[in-house]
Amino acid sequence: MSQRSGNRGGPTRAEVAPLGSGRFRFMLVVLIVAMAVLVGRIVDLHVLDRVFLQGQGDARTLRVETIDAHRGMISDRHGDPLAISTPVVTLWANPQELPSDDIQRMMLARALGIGLDELNARIERYAEHEFMYLRRRMTPAAAQKITALHVPGVYAQHEYKRYYPSGEVTAQLVGVTNVDDRGQEGLELAYNSYLTGTPGKRRVLKDRKGRLVRDLHLIKEAKPGGELTLSIDLRLQYMAYRELKASVDEHNADGGTLVMMDARTGEVLAMVNAPSYNPNNRADLDIEGLRNQAITDAFEPGSVMKPLAMSAALESGQFSPDTVVDTSPGYMRVDQYTINDFRNYGKLDMGGILLHSSNVGMSRVALQLPEDAIWQRYRELGLGQAPETGFPGESTGSLPAPYNWSDSKRATMAYGYGVAVSALQLASAYTAIANQGRQLSPSLLKLDGQDPSGKPVIEPQVADNLLGMLERIVQPGAGGARAMVPGYRVAGKTGTVRKVASTGYQTTAYRSLFAGIAPVSDPRIVTVVMIDNAKGQEYYGGLVAAPVFSRVAGKALRLLDVLPDKKEALK
């Protein structure tokens, strides 16, 4: 009784176990089967049907694409372009996608202008890579002919290429960029960060062949590089280069340099070198031709330094324009050296010393001054210091410190030996004579009405006296007669200096120089001309460099609308 009543509450644990065990096994089997199906599908998709998935992914690819930003333009003071960026196309390929069919490869090779064997060799070399260049920086029209072939694996990338409209005329000043559009020389290098644009970004949808399906949205706008306006006047630059090159060719010289500065602002209106090079075609480029010698090269200037040394003498209180110095007998011994004049000029006043370019006269003056007087004047004029134009590699020149100097050192420095200057430094120093004693710092950028950076160096009266003395040199029968400009009063100084070699001063190689100011009545331009190693009978500065100044200054004054002078008697 009690046993039956004990079962009344329901089935026992033994009766439930078989049923519960069956359900568990059933559910376990279901889960295993489901997991097997899922794993099988994953294996099918990722291993057996990988090509299908890859194709679907390629057909619906979201990409972030770079928007190229062009480099800023460089122009002259009037806005004429000197360096501009033009759109080009670079063709590249994925070697793993290129067809193996010889016919298609032959079509591609012909379009690229190369042989089939060369193309196959390049493809083989990059077979393990997914990128190789086919042709860089093509014109869009030329690239279109190749992309129109629709060869699989060939893609186009849009870029910019630098073009220089003025070619060799401004090459060494403006400089060049490399294949990646980065500045390598000249102002392109100096202002690279300013000229370089900031690329933009956009999100796009492309198909498997790289074709644009949809432009989704802009992420970041491209920002073009800054524009640079130079101080040079392209009209004067062309004219100066033509005249300088003609003189170098005429005298079979090694080269030449010309710098023209605005006598009122210090802006460089023209800066040319010969020989030059074509920045648009650098296939046979001589590396030496890249240098802007007007800024980067220093040389002993010779007699063109005499007016600057004379300014120190006239300010010392020991000399006046009327002071007479006896240069007889045309030579003098200083230490163990002999200083010579071209001939015995006898007694000369200060202007006469400059007129006849008397080394003896300048030496006698220098030896009566304090030991560092002329050195100090040169230092005040910026010699031995960088002109701070920002141009890469600008020369500081050479101005030895005045310690334990011999008399011969003091004497030779007064007529331009033992120091070294660049053409730009020399032109800047002469602005002090042209500008009533106020020297102007050279600027390669247009100042746009800003106050020129200058400093008083020479007393105004002394500067005016020197200007009058230099005008006497550019007169009929004088050493600078060939620098005369019809209709204008001109002042200047000639110079002829022996070149230095490893064995000392050469006896048959010279630099011919002329530094001039025009017009005297109201100076507008200061110009320095240097012809390097003119060969032949004519090598003096008055015969070689002065005529270049005459032609360049005359045309420049007319282009600048400077009215001709009225005839006035010399002071």
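With hydrogens and angles disregarded, a donor-acceptor distance shorter than 3.5 Å links the side chain of Asn178 to the backbone of Asp181. Formation of a donor-acceptor pair under 3.5 Å by the Ser231 side chain with backbone atoms of Leu444 is found in this model. No donor-acceptor pair under 3.5 Å is formed between the side chain of Glu471 and the backbone N or O of Arg489. For Thr431 (side chain) and Leu440 (main-chain N/O), a donor-acceptor pair under 3.5 Å exists by modelled atom type. With hydrogens and angles ignored, the 3.5 Å screen pairs no side-chain donor or acceptor of Ser398 with any backbone N or O of Ala420. In this structure a side-chain-to-backbone donor-acceptor pair under 3.5 Å is present from Gln425 to Ser422.
Annotation for Lys409: atom NZ counts as buried by contact number, over 12 foreign heavy atoms lying within 6.0 Å.
Ser75 and Asp80 are not linked by any side-chain donor-acceptor pair at a separation below 3.5 angstrom, with hydrogens and angles left out of the test. Gln461 and Asn465 are linked by a side-chain donor-acceptor pair at a separation below 3.5 angstrom, with hydrogens and angles left out of the test. Side-chain contact check for Glu267 and Thr265: at least one donor-acceptor pair (N or O, by modelled atom type) lies under 3.5 Å. A donor and an acceptor atom, one from each side chain of Thr196 and Arg71, are located under 3.5 Å apart. One side chain, Thr338 or Arg333, offers a donor N or O that lies under 3.5 Å from an acceptor on the other. Side-chain contact of Gln184 with Thr177: a donor-acceptor pair under 3.5 Å is absent, judged by distance alone. Asn292 and Asn273 form a side-chain donor-acceptor contact under 3.5 Å, judged by distance and modelled atom types alone. Tyr241 and Glu168 share a donor-acceptor pair across their side chains, judged by distance under 3.5 Å alone. Donor-acceptor pairing under 3.5 Å is recorded for the side chains of Asp326 and Ser328. Counted by atom type alone, Asp233 and His78 present one or more donor-acceptor pairs between their side chains at under 3.5 Å. A donor-acceptor pair shorter than 3.5 Å cannot be found between the side chains of Glu227 and Tyr194. With 3.5 Å as the limit, one finds a donor-acceptor pair spanning the side chains of Arg377 and Ser311. Using a 3.5 Å distance cut-off with no hydrogens or angles, the side chains of Lys306 and Ser357 do pair a donor with an acceptor.
Remark: Arg438 engages no residue in a salt bridge (Lys or Arg N to Asp or Glu O under 4.0 Å) (not counting sequence neighbours). Take Asp254 and apply the side chain to side chain contact (heavy atoms under 4.5 Å, CB included) test, not counting sequence neighbours, and it matches Lys499, Asp532, Asn533, Lys535. Contacts of Asp180 classified as salt bridge (Lys or Arg N to Asp or Glu O under 4.0 Å), with partners at least two apart in sequence or in another chain: Arg136.
At a threshold of 4.5 Å between non-hydrogen side-chain atoms, the residues Arg498 and Gln506 do not count as touching. No side-chain heavy atom of Tyr417 sits under 4.5 Å from any side-chain heavy atom of Met305. For the pair Leu445 and Thr229, the minimum side-chain heavy-atom distance is 4.5 Å or more.
Classified by interplanar angle (parallel below 30°, tilted 30° to 60°, perpendicular above 60°), the ring pair Phe549/Phe514 is tilted.
Looking at Arg482 and Glu538, a side-chain N of the basic residue comes within less than 4.0 Å of a carboxylate O on the acidic one, giving a salt bridge. At a threshold of 4.0 Å, the pair Arg264-Asp522 counts as salt-bridged, since one of the basic side-chain nitrogens sits closer than that to a carboxylate oxygen. Between Glu380 and Lys455 there is no salt bridge, since none of the side-chain N atoms of the basic residue sits less than 4.0 Å from a carboxylate O of the acidic one. Salt bridge Lys555/Glu243: present, at least one basic N to carboxylate O contact under 4.0 Å. In summary, Asp297 and Arg291 engage in a salt bridge, as defined by a charged side-chain N under 4.0 Å from a carboxylate O.
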